[in-house]
Amino acid sequence: MDKDIYLTNVEIIPGKTIKQYLGLVQGNSIRAKHIGRDIMAGLKNLVGGELKGYTELLSEARDEATQRMIDDAKKMGANGIVNVRFATSSVMQGAAELFVYGTAVIYGENQ
Amino acid sequence: MIWIYPLIFLSPFILVLFFGLTGICLEYLHKKSILKRENILKKIKTTNLKKDHSNLEIHDSCLCVGSVTIASDYLKLFLASLRTIFGGRVRSYEILLERARREAILRMKAEAAAKHADLIINVRIQTSTIGKASSRQNANPMVEVIAYGTALISSK
């Protein structure tokens, strides 16, 4: 993830002053797994517990969605995104949508 | 060879019981590991307030995310479906979701600890069911839990 853009899920960037609010930015990603992993997850269903393959898949998808949101914010000339929210929804069997949204801002250093 | 017929008939039940008991053992081990890691990461405080009320000198901040996907086993599914007849607490699912939430929070804390954070503010925990097929009513539920918050790093 980019180091030059600040992400927070509060209304401010702690320790910085916000100069300008640019508006809503968003990113989404829908991922499906290949069938081999689906079968492995099906087997894991026998004993229950964590499904590592799905956890990995969803965190990859989340990183991609976040990256898209960051690209969107950069296009607007922002250097920070505040009030970031994550949402997950299932669209079909074996696929999930990850959605990230926030408000792009321009911040300046404190006096 | 007459004894083999009831065995064939009972084999799915025996397998479900066997895997279910294995699942319970794994659950116990996971709980022990959660308690151990919670003790290590105790120094990072978390709050779901939007502001930090401990007058920390803030140097830097970053977004931290932890997520986990968890599934129940068929023994639990069977026990839960029995429970729906009489109503009441579904204990096996309560344990499962509590485990998932604590694991997600721990992963978020571990990410914050890697960045030497002192406090995580505005923690949000979100649960969603994924991969639920409309055609399979009795499908095993898969639950994803995300925990995220803003980690504050104090100036030293």
Side-chain angles (χ1 to χ4, degrees), chain A residues 1-3 5-16 31-33 38 41-63 65-66 69-70 80-100 102 107 110, chain B residues 15-16 18-27 30 50-52 56-63 65-77 92 96 99-100 103 107 121-124 126-136 139-140 142 144 146 148-153 155:
Chain A
M1 225 179 281
D2 284 275
K3 195 71 195 120
I5 204 147
Y6 266 85
L7 296 177
T8 70
N9 73 340
V10 285
E11 276 92 351
I12 51 159
I13 296 178
K16 306 269 195 292
R31 286 274 181 117
K33 291 184 315 117
D38 245 350
L43 287 180
K44 192 71 213 271
N45 265 347
L46 289 172
V47 284
E50 196 193 337
L51 304 167
K52 290 249 165 60
Y54 272 109
T55 305
E56 206 177 279
L57 174 91
L58 287 168
S59 60
E60 265 170 29
R62 187 165 305 116
D63 284 347
T66 313
M69 180 179 71
I70 288 171
I81 302 169
V82 296
N83 218 8
V84 174
R85 293 278 181 271
F86 290 103
T88 316
S89 53
S90 63
V91 282
M92 54 180 274
Q93 176 78 38
E97 188 200 17
L98 272 297
F99 184 57
V100 191
Y107 70 85
N110 264 359
Chain B
L15 280 177
V16 161
F18 172 73
F19 285 120
L21 291 175
T22 316
I24 287 167
C25 290
L26 289 175
E27 192 174 272
H30 187 216
K50 290 195 175 170
K51 274 185 188 144
D52 150 46
L56 205 71
E57 278 275 310
I58 300 155
H59 166 63
D60 207 354
S61 66
C62 67
L63 193 72
V65 191
S67 74
V68 63
T69 313
I70 212 157
S72 79
D73 52 75
Y74 289 107
L75 187 67
K76 278 186 179 144
L77 190 72
S92 52
L96 190 80
R99 250 172 84 197
E103 179 70 43
R107 285 184 186 172
I121 57 168
N122 204 17
V123 175
R124 299 285 159 125
Q126 195 188 313
T127 315
S128 52
T129 318
I130 57 160
K132 198 162 75 179
S134 51
S135 54
R136 282 168 66 207
N140 222 350
M142 284 190 285
E144 199 217 3
I146 323 174
Y148 58 104
T150 305
L152 300 181
I153 302 151
S155 46

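Every chain is numbered from 1 and lettered A, B, ... according to where its sequence line falls, protein lines coming before strand lines.
The minimum heavy-atom distance linking A65(A) with L98(A) is given by the pair CB-O, 4.0 Å. Nearest heavy-atom pair across R99(B) and G49(A) is NH2-CA, 3.8 Å. Residues K76(B) and S92(B) approach most closely at CG-CB, 3.7 Å, considering heavy atoms.
Contact count against chain A (heavy-atom pairs under 4.5 Å) is highest for I70(B) among I121(B), L26(B), I70(B), V123(B). Chain B forms more heavy-atom pairs under 4.5 Å with one residue of V84(A), V10(A), I13(A) than with any other, namely V10(A).
R85(A) touches chain B through backbone and side chain together, each having a heavy atom under 4.5 Å away. Residue E56(A): no heavy atom, backbone or side chain, is found under 4.5 Å from chain B. Contact annotation for E27(B): neither backbone nor side-chain heavy atoms come within less than 4.5 Å of a heavy atom of chain A. Using a 4.5 Å cut-off between heavy atoms, V16(B) does not touch chain A at all. Interface remark: T69(B) contributes backbone and side-chain atoms alike to the contact with chain A (heavy atom separation under 4.5 Å). For L152(B), the part sitting under 4.5 Å from any heavy atom of chain A is the side chain, from C-beta outward, and nothing else.
Judged purely by distance below 3.5 Å, without hydrogens or angles, the side chains of E103(B) and H30(B) pair a donor atom with an acceptor atom.
S61(B) has its side chain within reach of Y6(A): a pair of non-hydrogen atoms, C-beta onward, lies under 4.5 Å apart.
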Carefully, step by step, assess F86(A) and L63(B) under the rule side-chain contact (heavy atoms from CB on, under 4.5 Å).
-> CA-CA 12 Å; F86(A) 290 103; L63(B) 193 72; 4.1 Å; yes
